[in-house]
Trainee: 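I have a structure I would like to understand better, so I am pasting it below and will then ask my questions one at a time.
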2 protein chains.
Amino acid sequence: MRRKITLKHIARELEVSISTVSKALKNSNEISRDTKDKIQAFAKLYNYKPNNIAISLKNKRTKNIGVVIPDIVHHFFTTVFRGIEKYANKRGYNVIVCVSDESFDREVINMEMLANGSIDGFIMALAGETQLKKDYNHLKEVTEQGIPLVLFDRVTDEIRCDKVVLNDAEIAFEATMSLINSGRQRIALITTDNFFSVSNSREVGYRKALKKGNIEFNEQLVLRLPYDEDIDGIEPFLKSNKIDGLLSVNEIFAIHCMSVAQRLGYTIPNDISVIGFTDGILSKYSTPKLTTIAQHGDKMGEMAAKLLIEKIENDFDEENEVFTTEIIKATLVKRESTIN
Amino acid sequence: MRRKITLKHIARELEVSISTVSKALKNSNEISRDTKDKIQAFAKLYNYKPNNIAISLKNKRTKNIGVVIPDIVHHFFTTVFRGIEKYANKRGYNVIVCVSDESFDREVINMEMLANGSIDGFIMALAGETQLKKDYNHLKEVTEQGIPLVLFDRVTDEIRCDKVVLNDAEIAFEATMSLINSGRQRIALITTDNFFSVSNSREVGYRKALKKGNIEFNEQLVLRLPYDEDIDGIEPFLKSNKIDGLLSVNEIFAIHCMSVAQRLGYTIPNDISVIGFTDGILSKYSTPKLTTIAQHGDKMGEMAAKLLIEKIENDFDEENEVFTTEIIKATLVKRESTIN
DNA sequence: TATTAACACGAAAACGGTTTCGTAATTCTC
DNA sequence: GAGAATTACGAAACCGTTTTCGTGTTAATA
């Protein structure tokens, strides 16, 4: 087993000092052509590669970024992650992922694990539990240590840092308006228990559109479900309410609504038009294909990584630092579950 | 900005040596109760946490594992990753993910980036391009350096290392048999261009079942598509072949087959029974719900992480090391797209 | 020829820990 | 009360780099 070779080995072998080897490999002109040639040839021959850990220790830069997200199986987070990873890699950074699994404790533990030198900065979406508890001390902790932090999607006003969010309210407004404009009057909203900042924003947009369309908001037409995959409430809801349009805050609810509605004899989009959030595979491969809101996770991830790396590399001036909130524009992808 | 505190700071402040601080914090009984109390209290007060990088450099262990996968949006890889992350975290390891995007070059670059001290071991599924090229030098490189490697799902015989695979052939056999046993005679196979070891194995199982069922293999009934989302070939295929059963090597093909078949007037499962691979959300939320093969990605990931960490922590005896190949048993999840 | 400049290299500190070993001071043993 | 054992701590090496600074040798300059 050919162990990794170090500067020391090369130095010993070539009977020069470690500093000479180091400089020669950096092509410093402190070192003569001859010596450089000799050392470089030797290094290449033995496939010398500097040890990242040593370099990290030396310049207090790991070139790693930490990503803490609630879930990695969820399509949206996955695409964001892909965006992060792609951009980060292009800039020479590696990405360490920790999944909080919507748990406050795991979020805290994960951050602590990483905050002790393993990473140069964080990109995070808050766990559901964290948003519920409204306890952000672990975030304060790291920002006070001077570790750059970028929040995306699930953010909070209580932490001063860069953020990347979707124009949730606006796009929900736009989507609802499009339902109204196609003649829908009894428009349901299927959402989650409102712990998530995003669900709230979407409901705001929904209500605003109703108001603009002169439709009175009706709590009866709002179904609040606990979790992503807890869809049993949908069937009774659809049975006991006459609706002709529907906005869901995710794909799964929307798809399930369509399937229940079809089973109940409605045709889509004529009897009921449906719009979902998240442009994942479910939307593309459902029958009918779901009109949905593309959140452009890749873009969000890329933006988050960009903001973070900028913060990391430009030693910002300590005190009166400026924080930006970038808004990613969602788009309505029209497919077969809505009219025109 | 409260910068991170080091042993040196504590030592200076308390007027003791660095070694004393280090030992005191480890509760060494080389140090008197009094001194320990004083140092520990101080450390706690200033929230001292040892620097991971320094520790890594010292004991040549990073407690990081590198995961290189072709795709992170794909459901199967996502679940494997979740399994890895969960287990690794439990054992105190962090996970660095790199996405090869099915590209040989990116796979090589990613491995090189990580192999210089950033990680203690690799978990990988080979990129499509790598399997095509059959060039595994980058894998040889790392194993020769003594870096433990575990391959999963997309593996190769040419590299001696631990592996975790699915019983692809067996389960494909079983699935096909179940179609045959429910009276199906003209069973199609929808697969990918056979660069992937797994597609090959599945076809083997399919053929074996046909043989056992005394059905002659018919190349006409095999559709080989280039990529996961390249599904245009399906409609002509279904139009020009009379089939009554179908096995697909992934979810997407299967779902799309169902939707095309339904559009062509077939009823599922009576006219055509369909079985897919991958028990993702598509299968659960399609209409009808897809009978599919659960690959238990979480389990594969967990097993891969377990094997890897064992290798990392038990300094294996260099030369005649033993490598194991763990087989994860897939299961057939019966839903609505097959009979009974 | 004496002085200076340029060249080519090495010693050593530093990054932040861990660990081995040496040693004063105290306590124990006979 | 002398020698041995124990206690409590510090010095220093080490992990693998980078980088500053010092210095001996040679070449250029006056």
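Chain naming here is simple, since letters A, B, ... match the order of the sequence lines and numbering starts at 1 in each. Note that the structure is a prediction, hence the values are computed from the model and not measured.
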Trainee: Output yes when A:R82 and A:D298 qualify as a salt bridge under the 4.0 Å nitrogen-oxygen rule, no when they do not.
Mentor: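 Counted as a salt bridge, because a side-chain N and a carboxylate O are separated by less than 4.0 Å.
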
Trainee: Is there a donor N/O on one and an acceptor N/O on the other, under 3.5 Å, for the side chain of A:K58 and the base of D:dT18?
Mentor: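 A donor-acceptor contact between them is present.
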
Trainee: Taking the side chain from A:K306 and the backbone from A:G301, do they hold a donor-acceptor pair closer than 3.5 Å?
Mentor: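 Checked: no pair found.
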
Trainee: How would you list all residue pairs meeting ring pair (Phe, Tyr, Trp, His ring centres under 6.0 Å) that involve residues 104-124 of chain A, not counting sequence neighbours?
Mentor: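 Listed once each, the pairs are A:F104-A:H138.
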
Trainee: Once you measure the plane-to-plane angle for A:Y46 and A:F42, does it fall in the parallel (<30°), tilted (30-60°) or perpendicular (>60°) bin?
Mentor: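 Taking A:F42 first and then A:Y46, their aromatic rings sit tilted (interplane angle of 30° to 60°).
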
Trainee: Does any pair with a residue in residues 13-35 of chain B pass ring pair (Phe, Tyr, Trp, His ring centres under 6.0 Å), and if so which ones, sequence neighbours excluded?
Mentor: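 The answer is none; no pair qualifies.
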
Trainee: Knowing that exactly one of A:T35, A:D34, A:N29 qualifies, which makes a side-chain hydrogen bond (donor to acceptor under 3.5 Å, both in side chains) with A:S32?
Mentor: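 One option only clears the test, and that one is A:T35.
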
Trainee: My understanding is that only residues two or more places apart in sequence, or in another chain, count here; which of them pass salt bridge (charged side-chain N to carboxylate O under 4.0 Å, His left out) with A:E30?
Mentor: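 Applying salt bridge (charged side-chain N to carboxylate O under 4.0 Å, His left out) to A:E30 gives A:K23.
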
Trainee: In whole angstrom, what separates A:L57's CG from D:dT17's P?
Mentor: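 One finds 12 Å between P of D:dT17 and CG of A:L57, rounded.
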
Trainee: Can you pull the contact range of chain A along DNA chain C, 5' to 3', using atoms under 4.0 angstrom from its heavy atoms?
Mentor: C:dA8 to C:dG16

Trainee: Keeping A:H9 on the side-chain end and A:T6 on the backbone end, is there a donor-acceptor pair under 3.5 Å?
Mentor: yes

Trainee: In whole angstroms, how far is the C1' atom of D:dC14 from the CG atom of B:L7?
Mentor: 15 Å

Trainee: In residues 9-24 of chain A, which ones come under 4.0 Å of DNA chain C, going by heavy atoms?
Mentor: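 Going residue by residue through residues 9-24 of chain A, the ones with a heavy atom under 4.0 Å of DNA chain C turn out to be A:V16, A:S17, A:S19, A:T20, A:K23.
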
Trainee: Within the 3.5 Å criterion, strictly below it, is a donor on A:T130 or A:E107 matched to an acceptor on the partner's side chain?
Mentor: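 The criterion, which ignores hydrogens and geometry beyond distance, is satisfied for A:E107 and A:T130.
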
Trainee: For residues 26-36 of chain A, which residues have at least one heavy atom under 4.0 Å from DNA chain C?
Mentor: A:E30, A:I31, A:S32, A:T35

Trainee: Is any side-chain heavy atom of B:F76 less than 4.5 Å from a side-chain heavy atom of B:F81?
Mentor: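 No; the side chains remain at least 4.5 Å from each other.
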
Trainee: Could you tell me whether B:K60 contacts a base, only the sugar-phosphate backbone, or nothing, with contacts defined as non-hydrogen atoms closer than 4.0 Å?
Mentor: sugar-phosphate

Trainee: If I take atom NZ in residue B:K8 and atom P in nucleotide D:dA11, what distance separates them, rounded to the nearest angstrom?
Mentor: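 Rounded to the whole Å, the gap is 14 Å.
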
Trainee: Given side chains that start at C-beta, do those of A:C98 and B:E85 come closer than 4.5 Å, heavy atoms only?
Mentor: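 A:C98 reaches B:E85 side chain to side chain.
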
